[in-house]
2 protein chains.
Amino acid sequence: MKQKPTLKVIAKELDVSVSTVSKALRDSKEISDETKQKVKAFAKLYNYRPNNIALSLKNKKTKTLGVIIPEIVHHFFTTVISGIENFANDKGYNVIVGLSNESFKKEVINLEMLANGSIDGFIISVAKETLSFKDYHHLSETIDQGIPIVMFDRVIDEIECDKVIVDDIETSKKAVQKLIENKCQKIGIISTKDYVSVGRLRTEGYKNALTENNFTVDENLILKIDDKFNSDDNLEFLEVQISEYINNNDIDGVFAVNELYAITAMKVARQKGLRIPEDLQIIGFTDGVLSKHAFPPLTTISQHGFEMGEEAAKLLIDRLESVSDDEENYITSIVKTEIISRETTKF
Amino acid sequence: MKQKPTLKVIAKELDVSVSTVSKALRDSKEISDETKQKVKAFAKLYNYRPNNIALSLKNKKTKTLGVIIPEIVHHFFTTVISGIENFANDKGYNVIVGLSNESFKKEVINLEMLANGSIDGFIISVAKETLSFKDYHHLSETIDQGIPIVMFDRVIDEIECDKVIVDDIETSKKAVQKLIENKCQKIGIISTKDYVSVGRLRTEGYKNALTENNFTVDENLILKIDDKFNSDDNLEFLEVQISEYINNNDIDGVFAVNELYAITAMKVARQKGLRIPEDLQIIGFTDGVLSKHAFPPLTTISQHGFEMGEEAAKLLIDRLESVSDDEENYITSIVKTEIISRETTKF
DNA sequence: TATCAACACGAAAACGTTGTCGCTGCAATG
DNA sequence: CATTGCAGCGACAACGTTTTCGTGTTGATA
């Protein structure tokens with residue numbers, strides 16, 4: 001087992017000083033070509049790599065981004081991580097991932113665990129529990145300490161920082177508009193409780209589309225699922241709620257606020273003998289594996305998670321590397337969405 | 001913006017030495033109760049947290065694990081990460097994620113980027129390209145430098161290190177056995193090229209099951225998909241291959257080496273007018289969202305990714321924290337699999 | 001009153017790196 | 001020959017922390 005060589009051992013071995021070795025490796029003009037050759041050859045031979053930790057300490061920069069998300073077994077979030085990784089790696093940054101599991105406490109712990117010098121900045125999608133508690137002190141304190149945060153998807157209006165979102169209102173309006181154009185008469189929405197910002201906004205877009213087309217908004221057609229935690233754990237509960245909803249309302253079009261809700265709606269509709277899209281047209285949100293491989297393939301809205309991730313990473317790194325330190329000049333970046341028409345809608 | 005306080009500023013503020021502050025905070029008995037109170041109160045007030053980087057440099061331990069996987073938009077891998085995170089966090093470790101995108105070069109870069117002191121050890125599932133190139137120098141060199149590696153799922157026999165796998169041969173044998181018991185007469189397998197260890201082993205298990213039941217092994221029934229890269233990029237290609245395969249062989253049972261192959265097989269079978277499971281029974285490998293939400297729900301083998309992740313993290317942390325430094329004493333941990341019977345098999 | 005332990009604290013080194021500054025010796029200049 | 005200039009290198013501080021090893025003061029004991 002070869003131990004990693006340090007400047008010190010190279011220096012001793014070559015009988016020069018540490019500073020000389022350092023300078024030689026960085027091609028300083030203070031050092032003679034002869035010495036440079038010697039040092040570089042030796043360094044190469046022993047596969048010298050500067051110790052990152054020492055550099056971090058000296059530079060007060062870790063070149064590492066902290067990403068905190070509610071769950072990782074989730075297509076959208078992993079797509080975003082991909083985008084973050086892609087951009088960050090290109091810029092020489094590493095990505096360290098923390099999972100909140102939708103829990104406020106775990107989110108706080110994760111933040112504190114990393115905010116002690118381990119990372120230069122955060123990219124966060126906040127936990128549902130945090131949103132429902134409305135307790136954001138950990139976030140504002142982090143920003144206060146000079147560690148920048150970029151929020152994506154689930155953002156908090158009260159906190160000032162860079163944000164990356166889709167235009168939820170406009171997007172869901174487009175989706176409902178499509179349902180209307182497809183001759184749906186009675187259109188429902190399967191959404192989340194209002195404390196989840198995306199759910200609230202998408203419901204708003206749904207309502208807007210209806211009123212603009214002279215449909216009356218029927219609150220009975222608005223289902224707000226209450227799943228505080230990881231949705232995979234209470235699938236039956238979800239199914240029961242959606243089943244009741246579909247049985248009680250003879251809708252012919254439904255907009256679901258995420259993929260899972262849409263797929264579940266398809267499932268219960270099929271059990272009820274409804275044909276898709278003849279009897280019921282469905283549009284989902286977030287284009288993941290499920291939508292693509294569902295039967296029939298689900299018409300859905302693509303959030304372009306990869307681009308969101310890239311954009312979030314770009315905003316964060318820009319802020320980290322900007323010398324001007326212009327706080328309060330925060331950017332909210334809105335990434336475009338797109339309806340992917342597949343087979344759960346007539347057109 | 002409050003800057004993070006250091007021991008030095010606390011010391012200056014309280015007019016004591018840095019050592020005194022450090023000792024007071026760590027409850028050293030060298031320090032009087034009075035001073036301790038004073039220091040602790042001040043530290044709390046200014047929300048002092050020891051700088052992790054400085055600690056890492058001093059202790060030569062980062063308390064960070066590097067996880068390198070081929071892709072992250074992938075149910076199995078994210079499940080494993082969940083397990084790793086879960087275990088690692090409990091032990092006070094962070095997890096830094098690197099993506100190889102199935103590329104040898106990116107795997108090497110990721111490894112080098114982290115092996116300079118940023119992490120204490122690696123958990124890796126190697127890229128397909130690495131497996132096909134058979135170039136493992138980056139892995140052996142890392143181990144040589146004293147950085148332990150734990151491999152999972154896709155492992156390399158030639159490299160000595162801790163490993164976490166499922167018993168692929170035995171598991172796929174069980175699956176095929178089930179197909180046989182379900183009265184299938186002509187059973188095929190959709191696998192990968194042989195350089196992917198899991199594909200090779202699962203094919204072996206398939207053959208074993210057949211011969212043990214006095215079936216003849218027909219090489220035409222063995223489809224070895226050649227997808228060197230991210231499988232999502234060439235879905236059509238995949239579909240074409242599987243479609244040809246199913247059209248040319250009138251099989252009534254098929255074992256697919258992963259979820260996507262199984263789902264695609266279902267799709268082309270449906271297009272061909274085959275009923276599932278009446279005309280064709282299908283078993284997949286890796287229980288992900290697709291299997292659960294497919295129509296009909298797919299019978300599949302659960303690899304227990306979460307447990308694999310936990311086990312990998314455990315092996316790595318055990319090795320990191322073991323004082324005895326007993327190299328060569330490597331463990332290969334085999335986690336149990338389980339057949340989840342759903343509706344693509346008769347029983 | 002002299003000796004000594006106990007107590008409470010400070011100085012300094014170390015982890016690996018970079019950059020500033022200063023020093024030495026040699027060549028070129030007047 | 002004396003001065004200057006510069007090439008080439010080393011010493012040292014600094015980043016923030018922990019820990020070892022002093023060191024000075026106090027109070028008690030002989």
Side-chain angles (χ1 to χ4, degrees), chain A residues 3-40 42-43 46-64 92 114-120 145-147, chain B residues 3-40 42-43 46-64 92 114-120 145-147:
Chain A
Q3 269 299 349
K4 297 227 74 173
T6 68
L7 290 184
K8 202 196 283 189
V9 319
I10 299 184
K12 184 175 291 178
E13 213 71 30
L14 259 40
D15 209 40
V16 292
S17 79
V18 173
S19 348
T20 303
V21 178
S22 173
K23 287 172 195 164
L25 291 175
R26 328 202 96 242
D27 249 337
S28 160
K29 49 186 167 310
E30 286 184 34
I31 307 296
S32 70
D33 284 346
E34 193 191 4
T35 312
K36 277 186 199 171
Q37 301 294 334
K38 198 174 59 177
V39 172
K40 283 183 182 174
F42 195 92
Y46 285 92
N47 195 31
Y48 170 79
R49 300 258 175 276
N51 181 306
N52 219 341
I53 297 294
L55 285 179
S56 296
L57 183 60
K58 183 135 188 50
N59 302 333
K60 298 184 149 228
K61 292 195 177 170
T62 60
K63 285 255 179 186
T64 305
L114 297 177
N116 54 15
S118 303
I119 54 99
D120 295 340
Q145 281 175 17
I147 305 177
Chain B
Q3 270 299 350
K4 298 226 75 172
T6 67
L7 290 184
K8 202 197 280 187
V9 319
I10 299 184
K12 185 175 290 178
E13 213 71 30
L14 259 41
D15 209 41
V16 292
S17 78
V18 172
S19 350
T20 304
V21 178
S22 174
K23 287 173 195 164
L25 290 175
R26 327 204 96 243
D27 248 338
S28 160
K29 48 184 167 314
E30 285 185 36
I31 306 298
S32 70
D33 285 345
E34 194 191 3
T35 311
K36 279 186 198 169
Q37 301 292 335
K38 198 173 58 176
V39 172
K40 283 184 183 173
F42 194 91
Y46 286 91
N47 195 32
Y48 169 79
R49 300 260 176 274
N51 181 307
N52 219 343
I53 298 295
L55 285 178
S56 296
L57 183 59
K58 184 129 189 51
N59 302 333
K60 299 182 150 229
K61 294 197 175 169
T62 60
K63 284 255 178 188
T64 304
L114 298 176
N116 54 14
S118 303
I119 54 98
D120 295 340
Q145 281 175 18
I147 304 177

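Because only heavy atoms are used, hydrogens play no part in the values below, and waters and symmetry mates are left out as well, while side chains stay in. Each chain gets a letter, A, B and so on, in the order the sequences are listed, and its residues count up from 1.
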**Request:** Check the distance between C:dC9's C1' and B:K12's NZ and give it to me in whole angstrom.
**Result:** 19 Å

**Asked** Along nucleotides 12-20 of chain D, 5' to 3', which nucleotides get a B, which get an S, and which get a -, given that the test is a protein heavy-atom distance under 4.0 Å?
**Response** B-BBBBBBB

**Complete:** The reported gap from CG in A:D33 to CG in A:D27 (rounded to nearest 0.5 angstrom) is 8.5 Å

**Message:** Please report the distance, rounded to the nearest Å, between NZ in A:K63 and P in C:dT17.
**Reply:** 18 Å

**Request:** May I have the distance from A:L25 (atom CG) to C:dT17 (atom P), rounded to whole angstrom?
**Result:** 9 Å

**Message:** Please classify the nucleic acid contact of B:T35 as base, sugar-phosphate, or nothing, using heavy-atom distances under 4.0 Å.
**Reply:** sugar-phosphate

**Request:** May I have the distance from A:E34 (atom CD) to D:dG8 (atom P), rounded to whole angstrom?
**Result:** 10 Å

**Asked** Which atom pair, heavy atoms only, marks the closest approach of A:T62 to A:G117?
**Response** CG2-O, 2.9 Å

**Helical bend (five base pairs per end, nearest 10°) for the helix from C:dT1-D:dA30 to C:dG30-D:dC1** = 80°

**Message:** Surrounding OH of A:Y46 (heavy atoms of other residues, nucleotides or ligands, distance under 6.0 Å), is the total greater than 12?
**Reply:** no

**Asked** Would you call A:I31 and A:V39 a side-chain contact if the rule is heavy atoms closer than 4.5 Å?
**Response** no

**Asked** Do A:L55 and B:N116 have side chains that get closer than 4.5 Å, going by heavy atoms?
**Response** no

**Asked** To the nearest 0.5 Å, what is the distance between CG (B:L114) and OG1 (B:T64)?
**Response** 10.0 Å

**Message:** Just the rounded figure in Å: distance from P of C:dA14 to NZ of B:K61.
**Reply:** 21 Å

**Item:** Flag, side chain of A:K36 to backbone of A:S28, donor-acceptor distance under 3.5 Å
**Value:** yes

**Prompt:** Can you tell me how far C1' of C:dC9 sits from CG of B:D15, to the nearest Å?
**Reply:** 12 Å

**Request:** Measure across A:K8 and A:V18 and return the closest heavy-atom pair with its distance rounded to 0.1 Å.
**Result:** CA-CG2, 4.0 Å

**Item:** Side chain A:N51, main chain A:I53, donor-acceptor under 3.5 Å
**Value:** yes

**Message:** Could you tell me how far apart B:N116 (CG) and C:dT17 (P) are, to the nearest whole angstrom?
**Reply:** 10 Å

**Item:** Below 4.0 Å: OP1/OP2 of D:dA7 and any side-chain N or O of A:S32
**Value:** no

